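Following: one structure in structure tokens, then a few remarks.
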Amino acid sequence: MANKQQIQQCITDCTDAANMLRLTTNAIPKASIREMLTQGAGHIEMCIRQCENTNVQS
């Protein structure tokens, strides 16, 4: 089972991934693709919030 430090590292890695996805999205010329990538980053961020809540409660 993951400990708090491992969960925090995963949260950090996911935060970095979401930020990189958002940064990369800005360079995509097609609006429909940008929208999908933005939704993907939002989904990652939602998962991060759930992990943060779990990490606080444990």
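These numbers come from a predicted model, not from an experiment.
The distance from the CD atom of Glu52 to the CD1 atom of Ile7 is 11.5 Å, given to the nearest 0.5 Å. Going from atom CG of Asn19 over to atom CG of Leu23 covers 8.5 Å, rounded to the nearest 0.5 Å. A distance of 8.0 Å separates CE of Met20 from CG of Asp16, quoted to the nearest 0.5 Å.
The number of heavy-atom neighbours closer than 6.0 Å to CE of Met46, taken from other residues, nucleotides and ligands shown, is above 12. Counting non-hydrogen atoms of neighbouring residues, nucleotides and ligands closer than 6.0 angstrom, the CD atom of Gln39 exceeds 12 such neighbours.
The closest side-chain heavy-atom distance from Thr12 to Gln8 is below 4.5 Å.
Residues Ile33 and Leu21 fall within the same hydrophobic cluster, defined by Ile, Leu, Val, Met, Phe, Trp and Tyr side chains chained together at heavy-atom separations under 4.5 Å.
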Full working for side-chain contact (heavy atoms from CB on, under 4.5 Å) between Ile28 and Leu37: CA-CA 9 Å; Ile28 303 295; Leu37 293 171; 3.9 Å; yes
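Checked by atom type and distance alone, the side chain of Arg34 never pairs as donor or acceptor with a backbone atom of Asn26 at under 3.5 Å.
Counting all heavy atoms, side chain and backbone alike, Cys14 lies closest to Ile44 at O-CG2, 3.6 Å.
Not counting sequence neighbours, the partners of Arg22 by the salt bridge (charged side-chain N to carboxylate O under 4.0 Å, His left out) test are Glu45.
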